[in-house]
> 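Here it is, the structure in full.
Heads up: numbering here begins at 1 and tracks the sequence.
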Amino acid sequence: MKKIILLILIITVSCAVNKTKKMNNIISTKELKNTRAFFNGLGEIYKPDDEVQLVQNIISGKVCYTFTPPRINNNRLMLYAHGGSFALGGIDSHKAMMTHLAKTTHTKIIFVEYGLAPENPFPKGVNDFLDVYKAIISKNDHKKIFISGDSAGCGIIVSSMGKLQSDKIRMPNGVILISPWLNLYCNSKSYLSNKENDPILKKEELVRYANLYRANSDLKNVSPSNLVFSSFPPNLVAVGKSEVLLDDSKDFNEKVKNVQSKSFLMEFENVTHVWPLTDINSKSTKSLFTEISNFLDNETY
């Protein structure tokens, strides 16, 4: 708990300092390097589960990590896209969380190290994730394939879903999104209503990272919120009620439930953005992981 409080204080102070600066769309190399190091440090808040096996492998030319729990449901696989504003994060930030998710859900997880901005702006991250996904489905016809992610990783996922739809490629059997960032215009009402309630995310910073991610692309082609789906797999979306991204989840749920009756939205009280990443033992994390496990079981059989 002390580590979580310290984390929130550090982020809050960092945001306060940023407010004193003249805001622009440029993130310096030094700032990005320091922010990446800080974000990767989130993976040290709690220990990984030692019973979960971790193996690095190359899939379709992309670095991936496979998490295999001691008890496993061999009828399914999960691909995971991590968060980090499209420019941060990876195995260092998410390893511990992935071990606990794999063990709780009895699911083998393939963690995809997609290309990060600004070195790899849109659509590189989406294409990386799609390449791994297509390789997995080509070799696992008999298994149910699920895709999951958090924050910006959910943007990677939803953009990938749009590409799968347009290219008429097999959709996954289910989608799980945790605190998704999908509207890259950053103009949802919850940015104002939760401005003082969200200790982690601020609109000004998200706008900077959205611009870093899109680079020279038109935002209308980059923001996953613009995608229209004629069909969508069963899906589970989880978000904190105090998040500035709350409406990203609610708007997405309103959209997809028109084409998929099994669209579930869970709103959690008293949690921060992607809360399992910073507090694996909280009741809210345990509740979420139980719901994810139930969702996977229901869609596996």
Side-chain angles (χ1 to χ4, degrees), residues 25-37 39-40 56-66 78-95 98 109-138 145 147-172 175 177-186 205-227 229 245 248 274:
N25 295 331
I26 299 174
I27 299 175
S28 70
T29 301
K30 181 179 179 181
E31 179 185 353
L32 184 60
K33 180 180 178 180
N34 291 340
T35 306
R36 282 175 170 173
F39 193 84
N40 285 341
Q56 178 181 326
N57 37 31
I58 304 297
I59 301 176
S60 193
K62 313 302 182 294
V63 176
C64 297
Y65 295 87
T66 300
M78 179 192 294
L79 268 67
Y80 198 94
H82 67 85
S85 303
F86 302 103
L88 318 170
I91 191 63
D92 289 338
S93 60
H94 280 66
K95 179 174 69 175
M98 291 299 97
I109 297 176
I110 298 174
F111 182 92
V112 183
E113 288 273 26
Y114 59 87
L116 300 177
E119 299 88 347
N120 299 285
F122 177 86
K124 184 63 166 62
V126 176
N127 291 338
D128 286 350
F129 189 81
L130 279 170
D131 286 345
V132 175
Y133 174 80
K134 288 185 283 189
I136 293 300
I137 62 172
S138 69
I145 307 298
I147 57 177
S148 179
D150 63 84
S151 195
C154 300
I156 296 291
I157 286 172
V158 174
S159 293
S160 297
M161 295 295 295
K163 187 65 173 174
L164 293 177
Q165 176 179 258
S166 63
D167 291 350
K168 299 184 179 353
I169 297 172
R170 170 192 165 186
M171 290 280 195
V175 175
L177 307 178
I178 304 171
S179 295
W181 182 22
L182 304 176
N183 181 347
L184 303 192
Y185 296 94
C186 304
E205 288 301 301
L206 289 177
V207 168
R208 297 175 79 204
Y209 278 96
N211 283 314
L212 195 71
Y213 174 57
R214 75 181 180 95
N216 296 321
S217 298
D218 193 320
L219 195 56
K220 70 179 182 180
N221 299 322
V222 179
S223 181
S225 60
N226 289 332
L227 291 168
F229 293 97
L245 296 180
D248 283 38
V274 193

> Quick one, Y185 and S225 - any side-chain contact, counting heavy atoms below 4.5 Å?
yes
> Measuring from M161:CE to C154:SG, what's the distance to the nearest 0.5 Å?
12.5 Å
> Return the SG to CZ distance between C186 and R208, rounded to the nearest 0.5 Å.
12.5 Å
> Judged by atom type as modelled, is there a donor-acceptor pair below 3.5 Å linking the side chain of K220 to the main-chain atoms of D218?
no
> Taking the side chain as everything from C-beta on, heavy atoms only, tell me whether P118 gets closer than 4.5 Å to L32.
yes
> Out of curiosity, F129 CZ to K163 NZ, how far, rounded to the nearest 0.5 Å?
15.5 Å
> Using atom types as modelled and distance alone, determine if a side-chain donor or acceptor of S159 lies under 3.5 Å from a backbone N or O of I156.
no
> Does the side chain of L227 come within less than 4.5 Å of Q165's, by heavy atoms?
no
> Ignoring hydrogens and angles, tell me if any N or O in the side chain of R36 forms a donor-acceptor pair with the backbone of G89 under 3.5 Å.
no
> Output yes when a side-chain donor or acceptor of E113 lies under 3.5 Å from a complementary backbone atom of I91, and no otherwise.
yes
> Check whether any side-chain N or O of D248 sits under 3.5 Å from a backbone N or O of N183 as a donor-acceptor pair, and report yes or no.
yes
> Please lay out, stage by stage, how W181 and V274 fare under the test side-chain contact (heavy atoms from CB on, under 4.5 Å).
CA-CA 11 Å; W181 182 22; V274 193; over 6 Å; no
> Looking at K95, I want to see if its NZ is surrounded by more than 12 non-hydrogen atoms of other residues, nucleotides or ligands under 6.0 Å.
no
> How close do L206 and S85 get, heavy atom to heavy atom, and via which atoms?
CD2-OG, 4.4 Å
> Partners of D128 by salt bridge (charged side-chain N to carboxylate O under 4.0 Å, His left out), sequence neighbours excluded?
K124
> If I take atom CD1 from residue I136 and atom CE from residue M78, how far apart are they, to the nearest 0.5 angstrom?
13.5 Å
> Rounded to the nearest 0.5 Å, what's the gap from CG on L130 to CG on D167? Could you check?
8.0 Å
> Is the backbone N or O of I178 less than 3.5 Å from a side-chain atom of D150, with the two atoms forming a donor-acceptor pair by type?
no
> Going by the rule ring pair (Phe, Tyr, Trp, His ring centres under 6.0 Å), which residues pair with Y213 if we only count those two or more places apart in sequence or in a different chain?
F86, F122
> With distance as the sole test, does Y114 use its side chain to make a donor-acceptor pair with the main-chain N or O of H82 at under 3.5 Å?
yes
> Can you tell me how far the CG atom of N226 sits from the CG atom of N221, to the nearest 0.5 Å?
8.0 Å
> Closer than 3.5 angstrom, by distance alone: can the side chain of S223 be matched with the main-chain N or O of L182 as a donor-acceptor pair?
yes
> Has S28 got a side-chain atom pairing as donor or acceptor with E31's backbone, closer than 3.5 angstrom?
yes
> Using the test side chain to side chain contact (heavy atoms under 4.5 Å, CB included), find all partners of T66 that sit at least two apart in sequence or belong to another chain.
N57, T68, K108, I110
> Taking the side chain as every heavy atom from C-beta outward, state whether L212 and P121 have any atom pair closer than 4.5 Å.
no
> Between L79, V132, I145, L164, which is the residue that forms a side-chain contact (heavy atoms from CB on, under 4.5 Å) with I137?
I145
> Parallel, tilted or perpendicular: which describes the rings of H94 and F111, with under 30° parallel and over 60° perpendicular?
tilted
> Evaluate the side-chain proximity of L184 to R214: yes if any heavy-atom separation is below 4.5 Å, no if none is.
no
> Of all heavy-atom pairs between S60 and A135, which one has the smallest distance, and what is that distance?
CB-CB, 4.2 Å
